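Values below: all heavy atoms of this structure, side chains included; hydrogens, waters and symmetry mates excluded. Below, chain A is the first sequence line, B the second, and so on; all start at residue 1. Since the model is a prediction, treat every value here as computed from it, not as a measurement.
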2 protein chains.
Amino acid sequence: MTDQADGQAPGRRPTMVDVARAAGVSLKTVSRVANEVPTVRTDLAERVRAAMSELGFQRNNVAANLRSGRTTATIGLIIRDLANPFYSTIAAAAATVAERFDTQLITASSGWDPARERELVLDLFERRVDGLIVVPTGGDQSYLRTELDRGTPAVFIDSPPSGCRADTALLDNRTGTRDLLRRLLAEGHRDIGMITDTLNDYTMSERLAGAREALVEAGIDGGRHAARLYSDNPRSAGDAVAAMLDAPDPPSALFCGNNRILLGAVEELARRRARLRLAAFDDFEFAPLLPHPVTVVGYDTRALGRLAAEMLFQRLNSPGAEPSNYVIPTYLVDRGMELTGD
Amino acid sequence: MTDQADGQAPGRRPTMVDVARAAGVSLKTVSRVANEVPTVRTDLAERVRAAMSELGFQRNNVAANLRSGRTTATIGLIIRDLANPFYSTIAAAAATVAERFDTQLITASSGWDPARERELVLDLFERRVDGLIVVPTGGDQSYLRTELDRGTPAVFIDSPPSGCRADTALLDNRTGTRDLLRRLLAEGHRDIGMITDTLNDYTMSERLAGAREALVEAGIDGGRHAARLYSDNPRSAGDAVAAMLDAPDPPSALFCGNNRILLGAVEELARRRARLRLAAFDDFEFAPLLPHPVTVVGYDTRALGRLAAEMLFQRLNSPGAEPSNYVIPTYLVDRGMELTGD
DNA sequence: CCCAGGTAAGACAACGTTGTCCCCAGTACA
DNA sequence: TGTACTGGGGACAACGTTGTCTTACCTGGG
């Protein structure tokens, strides 16, 4: 075994120097060919390309990025849980936009942990991502300010940041819930139970605020069943429904703050073979199959992810403008199946 | 404005050189502090750390990786569609394992396109990912051989590769379907309709093979309704069910090759208020709410993703062994609700 | 025939970090 | 007091690529 480029030596990757030697040209010419610089003589370029495929050369983008100081063609996405369809849909939409810009997406889950979120952000900056899309966990995002000042763009999605100014792409939680409650009220319902998980969360408090707007409009300030709080476990949502129904003054309609809560409610109603005017935030793929009619607030999750990614790339290409704030609209849609009649 | 490190000059990031100057130590000492080398005098380390946070220093991992030649702490995952819960669950599980190894995950969707898959693989190798997890699209993966020979590990998940040898993590499609069909046969069903999408796919042909095993065992070689092929659109699966039911010899039981097909079948049955012995591959979150009883083949998708990632990291830490092949077991479970009786 | 002008290729340095080596100061021991 | 040793810090080179500058060559016109 000599130290000549063998092409088969395991572990050792051919570099541009190896290609240059094999093709009998200078390193720089190889670089030019790799970057498709047009001022390379055709025969040389051909020889270089031959040597490249002969040796199985692959450009080391780590080195190229370091030297050129240009973009790494990588953006980071920090969500709460990739296994949750809402977040994975956002990730998929963002990746589709990134693909248009020949950019890869590093997706990381913070798991609702502010400390973890921060760690992830710093890790991604050390990897020199070109930009960041973040679903904030509710903690403080002021740790981002230094990096934002240095020109790395960040877009917040689903919830706004606190402690720094940046682009945001949000759902119209408030209007959606207001419209939904208006509908229930227009149907004559006066006693509406509301089940949410937590109020410390931006999303849920916006939804409740929208609900309150509608209730206040109708002259009802909260209602006896308003804003009962439970965990985000469908089972405990079912328990909450049971408690409401077993109370001496059961509500005639029920608003579920998200689709997990709705599931728990539907299961409980199905178990009791009870019926109620059911309404919820979040549409989802299997909602049409629910064994109970329900009016849900729908929205285009893909559009949300797409919007955030497009805002990010726009800012990458034209930095400096003031942060902007886009909102994805919501709509009402009837789901579930009426299975009682025959 | 001087050219002194200002800490506020936008666009210019402080480097170790800047930190060294600010702390009055050598570049190398800064490097040692950043890497937590213990042989640095406490007072110097303290000064360096102070300068780091003063300047807002973040190590450039691109440069560190280039120089050290060590891992990039990044692995690639190529799936078919991140918006599909099956794949996003795999991605989430893989990311959880990666987190244990302080590694980030670049997830990219091939969209069932072999050419795109190949592009993505090459792009990820140019980024020098430490390893790759791939759900192959069914094309040829021999383009991976060079890189595998160089020692970059790859694990195939859900389907085996063709054209190269590598670790695989698969579902036990064959046994699962065989057990499911055995159950239908044991219940006395002799005429079982089977709806699949395509047979060019490894997964579906394994499932059909398992079904055939059970049928042959029972002395039925295929059956009149076996292996009718339709697209993966739930609507067209519904049409297929309609055609079977309207035929002069309707089956008494129906096997759906995946959960999308099952959805189409359930919708069609609900529309007709018809009932059938229903069975399918794939469990899913909302299966318990289906308005028709169904026995499904379940499996632990997270375990599949976890397994693949663990195989990858094991190979990263001990390369050279023969490729291994793990299979995730399946089980039968009854889903859906019986809504007829009252 | 010489020189200007342009084009293509190469030499060299640099990106920001880490690996290697060396040196210097401090200590222990003869 | 001199020598051997050790611990800690710094100088320098290197990772693989690209930016800049220079050089060599070729063409065409005076």
Open item on the list: From C-beta outward on B:Thr15, which listed nucleotide comes closest to its side chain: D:dG16, C:dG10, C:dT17?
Closed with: C:dT17

Task: Interatomic distance where CG belongs to B:Leu66 and C1' belongs to D:dG16 [whole Å] - done: 6 Å

Task: A:Asn35 side-chain proximity, nearest of C:dA9, D:dT18, C:dG19 - done: D:dT18

Open item on the list: How many whole angstroms separate atom CG of A:Asn60 from atom C1' of D:dG16?
Closed with: 6 Å

TODO: Report the distance from atom CZ of B:Arg32 to atom P of D:dG7, rounded to the nearest whole Å.
DONE: 14 Å

Open item on the list: Just so I know, are the side chains of A:Thr96 and A:Arg302 near enough to count as touching, which here means a heavy-atom distance under 4.5 Å?
Closed with: yes

Open item on the list: Output the rounded distance in Å from CZ (B:Arg128) to C1' (D:dT17).
Closed with: 11 Å

TODO: Provide, to the nearest angstrom, the distance between the CD atom belonging to A:Glu36 and the C1' atom belonging to D:dT18.
DONE: 15 Å

Task: Plane angle bin for B:Tyr87 and B:Trp112 - parallel if under 30°, tilted between 30 and 60°, otherwise perpendicular - done: perpendicular

Open item on the list: Just to be sure I understand the rule, does A:Val40 reach a base, reach only the sugar-phosphate, or reach nothing, if contact means heavy atoms closer than 4.0 Å?
Closed with: sugar-phosphate

Open item on the list: Heavy atoms from C-beta onward define the side chain here; which of C:dT18, D:dG19, C:dA9 lies closest to that of A:Lys28?
Closed with: D:dG19

Open item on the list: Distance alone, cut at 3.5 Å: any donor-acceptor contact between the side chains of B:Asn65 and A:Arg127?
Closed with: no

Task: Proximity to the side chain of B:Thr39 - top-ranked nucleotide from D:dT18, D:dG8, D:dA11 - done: D:dG8

Task: Selection from C:dA9, D:dT18, C:dT18 that lies nearest to any side-chain heavy atom of A:Ser31 - done: D:dT18

- [ ] Hey, which sits more toward the 5' end of DNA chain C by its nearest nucleotide, A:Val25 or B:Arg59?
- [x] A:Val25

Task: Selection from C:dT18, C:dG16, C:dA8 that lies nearest to any side-chain heavy atom of B:Ser68 - done: C:dT18

Open item on the list: Here's a test of your reading of the structure: between A:Val30 and B:Thr29, which maps to the more 5' nucleotide of DNA chain D?
Closed with: B:Thr29

- [ ] Using atom CE of B:Met16 as one end and atom P of D:dG9 as the other, report the distance to the nearest whole Å.
- [x] 16 Å

Open item on the list: What is the distance, to the nearest angstrom, from the CG atom on B:Asn65 to the P atom on C:dC15?
Closed with: 19 Å

Task: A:Phe156: which of A:Leu144, A:Asp167, A:Asn325, A:Leu170 passes side-chain contact (heavy atoms from CB on, under 4.5 Å) - done: A:Leu144

Open item on the list: Taking the minimum atom-to-atom distance to the side chain of B:Arg67, which one of D:dG9, C:dA9, D:dC15 wins?
Closed with: D:dC15

Task: 5'-most by nearest nucleotide on DNA chain C - A:Leu27 or A:Pro38 - done: A:Pro38

TODO: Give the rounded distance in Å between these two atoms: CZ of B:Arg47 and P of D:dG9.
DONE: 10 Å

Task: Residue A:Arg70, side-chain heavy atoms: nucleotide from D:dG16, C:dG10, D:dG19 that is nearest - done: D:dG19

Task: Residues A:Thr72 and A:Asp130: side-chain donor-acceptor under 3.5 angstrom - done: yes

